[in-house]
Amino acid sequence: MKRFRRHGHESHRDKLKQELFQFNKTVEHGFPHQPSALSYSPSLELLAIGTRSGAIKLYGAPGVEFMGLHDENAAVTQVHFLPNQVELVTLLDDNSLHMWTLRAHQGLSELLEIGRFTLTGPPGAPPSVTRVTAVLAHSSGELLLLGTEGGHVFIVEVPGFRELEERNISLDQMASRNLEHVEALQENPVNPDQVVIGYGRGLVVIWDLVKQCALQHIPATQQLESVWWTEDGQHILSSHSDGSYCRWIVGEGDVNEDEKSDIPYGHFPCKAISKITCRLIICYTFIFEYTELNLTLCTFQISLSTAGHPSALVVLVEEELVVIDLQTDGWPVIQTPYLVPLHSSAITCSHHVSAIPLKLWERVTAAGSLQKTHYSKKPWPITGGQNLAPDPPQRDLLLTGHEDGTVRFWDASGVCLNPMYKLSTAGVFHTDADPNDNMNSGSEGEWPPFRKVGCFDPYSDDPRLGIQKIHLCKYSGYLTVAGTAGQILVLELNDEAAEQTVEAKIVDLLQGQEGFRWKGHTRLDMREEPVLSPPGFQPFCLVQCQPPAVVTALTLHSEWKLVAFGTSHGFGLFDYQQKNTVFVKCTLNPSDQLAMEGPLSRVKSIKKSLRQSFRRIRRSRVSLRKHHINNALQEANARLEAELAEMELAPVQRKIEARSSDDSFTGLVRTLYFADTFLSDSAHNTPSLWAGTNGGCVFAYMLRLPNVEHRADEPVTAQQAKEIQLMHRAPVVGIVILDGHGVPLPEPLEVAHDLARSPDMHGLHHLLVISEEQFKVFTLPKVSAKMKLKLTALDGSRVRRAGVAWFGSNRSEDYCESGLVVLTNQGDLHVVSLPNVKMQVHYPCIRREDVSGIASCVFTKHGQGFYLISPSEFERFSLSTRHVVEPRSLVEVPLYSASSNQCSSQPDGVTRYPHCRILYFPIGTSAARRVMEHALLNDESEYLRDRCNKAIVSCTRPLFGSKKLLQLY
């Protein structure tokens, strides 16, 4: 019977919901997926990156981040800052230009699109006439020069995007018409009225914008890739497709003499030099080598110190950003505070831990600092904007498991996701990796003598090393990780390096059942000799499941010194203090043969898949036939609902179809849960372990723990106390025990550290079973059903992730309540109240087609969450009004100076090239200081002209392999 709600109570509750819940996507962590364009503003000290998905991202000082998204589904091909302004222009591959600005609003800056423009040609002209291939943002900040595929140069006034037809540079005005597209545009650093136009066929023309005529023709014979005008304005450098570059003298007449070209590396086989620049630097050589075959983006930036010497080299490739300190001997790498490649090895799982104690935080930080000794001590060079976000209220950790067997610890407290510490588990096993292989070591006699830098390595030596589950106890410092081949490692935090033997224990989850043969991968071979572990988390115990299937559930109780684990064949309990197995339970269905095939060699049965599909179709037809029987009753119900439209009724709950016990993987363990609750009677509470399976079955085991003084000698025993079979047989994705006040039980050791109040052990405890279909509450110890809530989302919705979170009011600091956060396969977020399991709010979050994003979602204890929007990026969201982590930044308009425009060696922004891009920016200087610096460089041009230690930075790609070469000489 439908229950009418009390309007007074509901109005108060609705008001309280507004104080508790609010959905926001706050910040994106990690490295932008598929970057396609880059630019830097020396005046703003901001870095801009465009992506193939149409996103534009700006980065400044740590915590200063902005993000915009074009409405068009097109890739960003070029980004250009307007000099000494807060505007920038983007070019998309659909040939549209877009104007963006950083507009201040209520003390914070926002990135907004303020205009768009598409270049149009004369009637009947082919599209190539207006297809933009090169862009130059003039130092005046008022003009854009657009070179096109047809060889024309259009001049557009900004910010209004008004074409100045009378000043356009037509191909008819050149000496030759068969010049192909405009490849490069550069402004004279000492005379802004002159620009150099480089055409694809090799011709380079110096053009006077005021006189509207060509001053000089430079007839290069090779295919042109890029040009560069030196700081003194006396020379032009051109790079070509044959791997050569030329130096041309700027004069009044045309160049008639044969070109004098140089080829870097001598006879070393190279491809085109796609970008070239000239700076005063010291000779040195670098290589950026990656195993990925499809590298299409490589960017160089050289920053100048106040003395005019290079201070940092920034290299952006398709999968990571590398910053090199040029002022320290050995040129070490500067660690990046953002744009960190989360996917240096593919992410396989995530685990979030909130409110880390200070002692553990300092110990993890100290262990991580020992891994960063090879980094430079210099501060981060990009310092634009002001970070106005408040300090994080607590310390949070995000742990990511990776395909290569590593676990990375990230500081997730604020806007920047900073790397803290990396744990590798591969050293415990025998793998194909060479322990003596050093990344920085080069072969003797190898030419050129390159040093390898960067951390992106998408390949794993053994896929069985992949981490699948992680559980960290923040109070005791114990960590357990589980992998693809059924391995469970237990680790302890140690501040000193130690060499110890990792004791292994093999656990047979089949318990000797006959008729089953494992067809998957073999287990990893463990090292029998002692393992030397550096300071940090050190393994001391290994549990190996047999068969070596993927570990699907894992939990740790550090107060009881127990670890529970589960696979598709069963689950077990391990005592890591005494290093022995407490019990093993096999959950394998005798008819389930797919569970005997590993994930690396699984082939589904076509007959069984067809049989299951026809069974589902038959059920849907039966339901549809029943649905059409009582049409008259449905019409009466419709009239009744129309009459009661003004009254809010309880939501209609859809019917749940029962599943067959013959479905595949019914014995797969989905969740494990430790609890101190009532199992035998309502007078005595006891430690217990709960397990939920894919077939809708819940097992409860009563645990007997020895006294503290006998804990190391007497064994831990377990006895099965309860078994619950859900009628609809939906997979159990979560289990929660509520105390007498309806509050979820605290974490282990949380009460002992006075960080949570003791649970109420006088009232009745309740068991909340979260299945894919519904939420059901049982009373304990009788295990009788009390209430339930069926999922009322769209038809076909199923629970994929669930977690308990605490929500605080944004009006009263004293009020907070617990809730169940749920993510469905439709990508919707729901908050369910506890203990009465009523739906509170729901928000769309992830696209239903994004299966990997839904599977990667992880919740925090305070109403936030993370999920992967790409292999290299986490999207952070918040459901709480109190706990919101988002960028709050302010970028002020730089001080404008005419002399700075005239003396600046290059305007803000760069031209995009197929493989390389070079940017320049001074580090840590104010606007006035930059003006003085440029004036000083200009006054000393005679001295600089006589200097002979000029160098050329060239980016090349060899004919063989997939290397990116960078040579400075």
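Side chains included, hydrogens not; waters and symmetry mates left out as well; all remaining heavy atoms used.
Between the side chains of E403 and T348, not a single donor N or O lies within less than 3.5 Å of an accepting N or O. In this model, no donor atom of one side chain and acceptor atom of the other lie less than 3.5 Å apart for T336 and W380. A donor-acceptor contact closer than 3.5 angstrom is absent between the side chains of W690 and Y701. At a cut-off of 3.5 Å, with distance as the only test, no side-chain donor of R464 or T431 sits close to an acceptor on the other residue. With no hydrogens or angles considered, a side-chain donor-acceptor pair links Q538 and N494 at under 3.5 Å. In summary, the side chains of S870 and E873 do present a donor paired with an acceptor at a separation below 3.5 Å, with no hydrogens or angles considered. Side-chain contact check for R876 and Q864: at least one donor-acceptor pair (N or O, by modelled atom type) lies under 3.5 Å.
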Problem set entry | Residue pair L399, S350: steps toward the side-chain contact (heavy atoms from CB on, under 4.5 Å) verdict | CA-CA 6 Å; L399 282 67; S350 303; over 6 Å; no
Exercise. Should R704 and T686 be marked as a side-chain hydrogen bond (donor to acceptor under 3.5 Å, both in side chains) after you check the CA-CA gap, both sets of side-chain angles, and the distance that decides it?
Worked result: CA-CA 8 Å; R704 179 190 171 277; T686 178; over 6 Å; no
For this session: Could you give me the CA-CA distance, side-chain angles and deciding distance for I467 and T406, then say whether side-chain contact (heavy atoms from CB on, under 4.5 Å) is met?
Result: CA-CA 7 Å; I467 304 298; T406 60; over 6 Å; no
Exercise. Given the rule in the ring pair (Phe, Tyr, Trp, His ring centres under 6.0 Å) test, do Y478 and Y576 qualify, once you have shown the distances and angles that lead to the verdict?
Worked result: CA-CA 11 Å; Y478 282 102; Y576 63 81; 5.1 Å; yes
Exercise. When you look at V716 and R711, which way does the side-chain contact (heavy atoms from CB on, under 4.5 Å) test go after all the steps?
Worked result: CA-CA 8 Å; V716 178; R711 177 65 180 85; 3.7 Å; yes
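Atom CD of E496 has 12 or fewer neighbouring heavy atoms from other residues, nucleotides or ligands inside a 6.0 Å radius. A 6.0 Å sphere centred on NZ of K359 holds no more than 12 heavy atoms belonging to other residues, nucleotides or ligands. Around the CD atom of Q394, the shell of radius 6.0 Å holds more than 12 heavy atoms that belong to other residues, nucleotides or ligands. Dense packing is recorded around CD of E499, with more than 12 heavy atoms of other residues, nucleotides or ligands lying under 6.0 Å away.
No close placement of the H29 and F874 rings is indicated, their centers lying 6.0 Å or farther apart. Here H343 and F456 bring their ring centres to under 6.0 angstrom of each other.
Panel note: side chain R801, backbone C857; a donor-acceptor pair is recorded below 3.5 Å. With hydrogens and angles disregarded, no donor-acceptor distance shorter than 3.5 Å links the side chain of Q487 to the backbone of V481. Side-chain atoms of S856 come within 3.5 Å of backbone atoms of L868 as a donor-acceptor pair (strictly under, hydrogens ignored). Remark: the backbone N or O of S345 is paired with a side-chain donor or acceptor of H402 at under 3.5 angstrom. Side-chain atoms of D575 come within 3.5 Å of backbone N or O of Q577 as a donor-acceptor pair. Put simply, the side chain of S688 never gets that close to the backbone of D676: no donor and acceptor are under 3.5 Å apart. Between the side chain of R523 and the main chain of G486, no donor-acceptor pair closer than 3.5 Å is present. A donor-acceptor contact shorter than 3.5 Å links the side chain of R527 to the backbone of F429. Using modelled atom types, no side-chain atom of T581 and backbone atom of F583 make a donor-acceptor pair closer than 3.5 Å. Judged by distance alone, the side chain of E875 and the main-chain N or O of F866 form no donor-acceptor pair under 3.5 Å.
Tested against L745, the residues V804, V751, I737 include a single side-chain contact (heavy atoms from CB on, under 4.5 Å) partner, I737.
Every residue two or more places apart in sequence or in another chain that forms a side-chain contact (heavy atoms from CB on, under 4.5 Å) with K861 is listed here: S354, E747.
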In residues 417-427, what donor-acceptor pairs under 3.5 Å come from side-chain atoms, sequence neighbours left out?
from: Y421; atom 1: OH; to: F537; atom 2: N; distance (Å): 3.0
from: T425; atom 1: OG1; to: G405; atom 2: O; distance (Å): 2.6

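V453 has its side chain out of reach of W331: every pair of non-hydrogen atoms, C-beta onward, lies at least 4.5 Å apart. You'll find the side chain of L524 reaches within 4.5 Å of the side chain of L465, heavy atoms only. Using a 4.5 Å heavy-atom cutoff, the side chains of K505 and F574 are in contact. Residues L493 and L360 form a side-chain contact, since some pair of their non-hydrogen atoms from C-beta on lies under 4.5 Å apart.
Ring planes of H521 and W518: perpendicular class, angle over 60° (limits at 30 and 60°).
In this structure, CZ on R670 lies 14.5 Å from SG on C697, to the nearest 0.5 angstrom. L672 CG to L573 CG: the interatomic distance, rounded to the nearest 0.5 Å, is 9.5 Å.
With salt bridges taken as basic N to acidic carboxylate O contacts below 4.0 Å, one links R363 and D495.
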